[in-house]
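Every value quoted in this text rests on a predicted model; they were computed, and no experiment measured them. Note on naming: letters A, B, ... go to the chains in the order of the sequence lines (proteins, then strands), and numbering restarts at 1 for each one.
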Number of protein chains: 2
Amino acid sequence: MPTIKEVAKMAEVSSATVSRFLNNSGYVGEEARKRILKVIEETGYVPSENAKSLRTKQTKVIGVILPKISTETSSRLVRGLDEVLAKEGYQILLANSGLSAEKEIEHLRLLKSRDVDGIILSATTNGAGLKAEIQRLDIPVVVVGQEVDDTPNVIFDEYQAAKDMVKHLIDHGHERIGFIGVSEEDPAVGVLRKKGYLQAMQERNLPIEESWIEKGIFDVESGAVAMERMMGAAIPPTAVFAVTDRLAIGAMNYVKSIGLRIPEDIAFAGIGASELSRYITPSLTTMDYQNKESGRVAAGLILEAIKSGGNSPEKRLINVRLLQGDSV
Amino acid sequence: MPTIKEVAKMAEVSSATVSRFLNNSGYVGEEARKRILKVIEETGYVPSENAKSLRTKQTKVIGVILPKISTETSSRLVRGLDEVLAKEGYQILLANSGLSAEKEIEHLRLLKSRDVDGIILSATTNGAGLKAEIQRLDIPVVVVGQEVDDTPNVIFDEYQAAKDMVKHLIDHGHERIGFIGVSEEDPAVGVLRKKGYLQAMQERNLPIEESWIEKGIFDVESGAVAMERMMGAAIPPTAVFAVTDRLAIGAMNYVKSIGLRIPEDIAFAGIGASELSRYITPSLTTMDYQNKESGRVAAGLILEAIKSGGNSPEKRLINVRLLQGDSV
DNA sequence: CTGAAAGCGCTTACAG
DNA sequence: CTGAAAGCGCTTACAG
């Protein structure tokens, strides 16, 4: 493939003129226009965005850092992002942090070195290191999923969502409610959702047993393991709130395997509105976080930040919706 | 953030020396080394990959074109790709074709204009236009999922997989077997899997009723609709093979809703090894296409092509595995 | 061991 | 309406 210079020579014009033609900037004579077009068609010339970026100082690419590249949550988020970004001519450069805080920072730098116009970070923590790095980077960054001060932010009311879900359980007559959480290194999922659970119980003057509180990692299997432990309690709970659908589903699988009926013997609720929650039997009561919508909003925020040239530390709260299944 | 020139000035060396330091190419004196390091640390300087690419003619990014950004298949593929690509210092530039053949070609060009080192295309068709465009592009491209001549290719034996699955059904005593397919514009899923079904039936001398052959799109809902139509047949089938898990699951949902038991009254099989297939009740018998592995293989192929500088038209067949569920 | 200079493929004032 | 020239931030022979 030729360069702009070669195209210019073949069309017997200067490369400046070809550039004008390409970008529709400035006048290009009818004759010149025709010759250029012809050469481009014949050669299949495509301008190098890379070289262009070097001059124009914008690459039209947005870096996206995901905690895990292949979760439902991530793919929905990316879909939302792509939906609005593609329309504006932006492409997505993907990076996988693998749930590691150091990798998040490493990728922030890597993306910066690629001269991306902005970065969307789906974060798993919100440590001081992260915040410092974002400041230092000096390009638009929007953080999704964790609250980070002084940074454009797309967040969910994790605390309220968890509290609402537990109250939903209580409203269905449950008093002994178990909890399956995750590591408290994750402020949003680990800390806030647990706090919501505790608060709901307390507000309704319900007892909390240590043995009803379990922890898993982000998969089905660990939900089952946690549930098995919980069923060893002196008085097992009649309902369980798990902080993710997968955890809830693992827990359900375990109680099914020991012959209990859901929801008659024990009820379950999760968070995430996973496709699984919908098609499992019984379907799982869960919270829809509208990840795709959060992607759209994040894309809007980054576009705004790029245009205005500054990180207005705007926080956008995504609405969550309770989806009633047959598990309660 | 400074440029290399500014770093050079601050460290009282030339930019050539800074470059040597950065890339570990050529000698850099101990003193100079120290001063440069200091400046870099103080300023947080990160070299521009973009400018670098312009000189070195490689960007270390691989374009990935996906039919749909948020399907399980796509995310597994990307995970496999990222696993090996990241290790080699490559990043992934994502593009979403939205199942449209024109968009596939458009993105091929778009990625080329970004000077990507190679492109992985998860294709939905294999038309002549696509092939021509790939030739024309003149950069390494590997196509996943559809067979395209003269191009590195990662494919599955769709025909055999479908045939094996239908035979599995037959081996379980079924003779009246229905089929839910997709549009035959998709050579792999639409044509080959159907052919496998027809061939299996024929080889075992089993009758095929027109009314047992239905078509859906790639979602659960259309599987249910197709199944409803199929149950209108004079003699309904005792087993159904659907070309995707989602189609199969939709179909299962429909027969459950009219009170039939699975697999006693009617059996089901799908393809895809989706997470859903595993956790649905009853679990679905399906084919594991090992998408993540196919991603790894595709990444290997593109790396090879980049190194060798040519598209050796190598075809790699990914093994598929039958996963027995309780739906048969 | 190090620097000056050219060049990668573009765009953009400036001049005509 | 169009071209010559400078410059974006790097790397890389070449010379010393």
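Between B/Lys9 atom NZ and C/dA4 atom P there is a gap of 12 Å when expressed in whole angstrom units. The distance from atom CG of A/Asp115 to atom P of D/dG9 is 9 Å, rounded to the nearest whole Å. Whole-Å rounding puts the A/Tyr27 OH to C/dT11 P distance at 20 Å. Remark: P of D/dG3 and NZ of A/Lys5 are 15 Å apart, rounded to the nearest angstrom. Atom C1' of nucleotide C/dC1 and atom CG of B/Asn24 are separated by 15 Å, given to the nearest angstrom. The nearest whole Å value for the distance from the CD atom in A/Glu49 to the C1' atom in C/dC8 is 16 Å.
Using a 4.0 Å cut-off, no side-chain N or O of B/Lys52 falls inside it from OP1 or OP2 of C/dC8. Considering only side-chain N and O atoms, A/Ser14 lies under 4.0 angstrom from the phosphate OP1 or OP2 of D/dG3. Listed pair A/Tyr45 / C/dC10 meets the phosphate criterion, a side-chain N or O lying under 4.0 Å from OP1 or OP2. For the pair A/Thr17 and D/dG3, the criterion of a side-chain N or O lying under 4.0 Å from OP1 or OP2 is met.
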Under 3.5 Å, side-chain donor or acceptor atoms of residues 117-128 of chain B against the rest of the protein: list the pairs with distances, not counting sequence neighbours.
{"unit_1": "B/Asp117", "atom_1": "OD1", "unit_2": "B/Thr59", "atom_2": "N", "d": "2.9"}
{"unit_1": "B/Asp117", "atom_1": "OD1", "unit_2": "B/Thr59", "atom_2": "OG1", "d": "3.2"}
{"unit_1": "B/Asp117", "atom_1": "OD2", "unit_2": "B/Thr59", "atom_2": "N", "d": "3.4"}
{"unit_1": "B/Asp117", "atom_1": "OD2", "unit_2": "B/Lys60", "atom_2": "N", "d": "2.7"}
{"unit_1": "B/Thr124", "atom_1": "OG1", "unit_2": "B/Glu104", "atom_2": "OE2", "d": "3.0"}
{"unit_1": "B/Asn126", "atom_1": "ND2", "unit_2": "B/Glu147", "atom_2": "O", "d": "2.9"}

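Tested against A/Asn153 for a side chain to side chain donor-acceptor pair (under 3.5 Å), the candidates A/Lys315, A/Glu314, A/Arg316 yield a single pass: A/Lys315.
In terms of position on DNA chain C, the residue among B/Ala16 and B/Lys57 whose nearest nucleotide sits closer to the 5' end is B/Ala16.
For the residue pair A/Ser48/B/Asp115, the side-chain donor-acceptor check at 3.5 Å is satisfied. Using a 3.5 Å distance cut-off with no hydrogens or angles, the side chains of A/Glu83 and B/Asn96 do not pair a donor with an acceptor.
At a threshold of 4.0 angstrom between heavy atoms, the contacts of B/Ser48 are confined to the sugar-phosphate backbone, with no base atom among them.
For A/Pro47, whose side chain is taken as the heavy atoms from C-beta onward, the closest listed nucleotide among C/dC10, C/dC14, C/dC8 is C/dC10. The B/Arg20 side chain lies nearest to C/dA4 when the options are D/dA4, C/dA4, D/dG9. Closest to the A/Thr3 side chain, of the nucleotides D/dT2, D/dG9, C/dC10, is C/dC10.
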Give DNA chain D the dot-bracket treatment, 5' to 3': Watson-Crick (N1-N3 with N6-O4 or O6-N4) or G-U (N1-O2, O6-N3) under 3.5 Å, [ ] crossing, | other strand.
|||.||||||||.|||

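Heavy-atom distances under 4.0 Å link DNA chain D to A/Gly29, A/Ala32 of residues 29-39 of chain A, given in residue order.
A/Gln290 CD to A/Leu77 CG: the interatomic distance, rounded to the nearest 0.5 Å, is 13.0 Å. A/Arg136 contributes atom CZ, which lies 8.0 Å from atom OG1 of B/Thr43 (distance to the nearest 0.5 angstrom). Taking CD1 from B/Ile65 and CG from B/Leu111, the interatomic distance works out to 5.0 Å, rounded to the nearest 0.5 Å.
B/Gly300 approaches B/Val84 most closely through the heavy-atom pair N-CG2, 4.4 Å.
Contact check on B/Arg296 versus B/Glu293 returns a salt bridge, with a Lys/Arg side-chain nitrogen under 4.0 Å from an Asp/Glu carboxylate oxygen.
Counting atom types as modelled, B/Arg55 pairs no side-chain N or O with a base atom of C/dG9 as donor and acceptor under 3.5 Å.
Side-chain contact between A/Leu303 and A/Tyr90 is present, with at least one heavy-atom pair separated by less than 4.5 Å.
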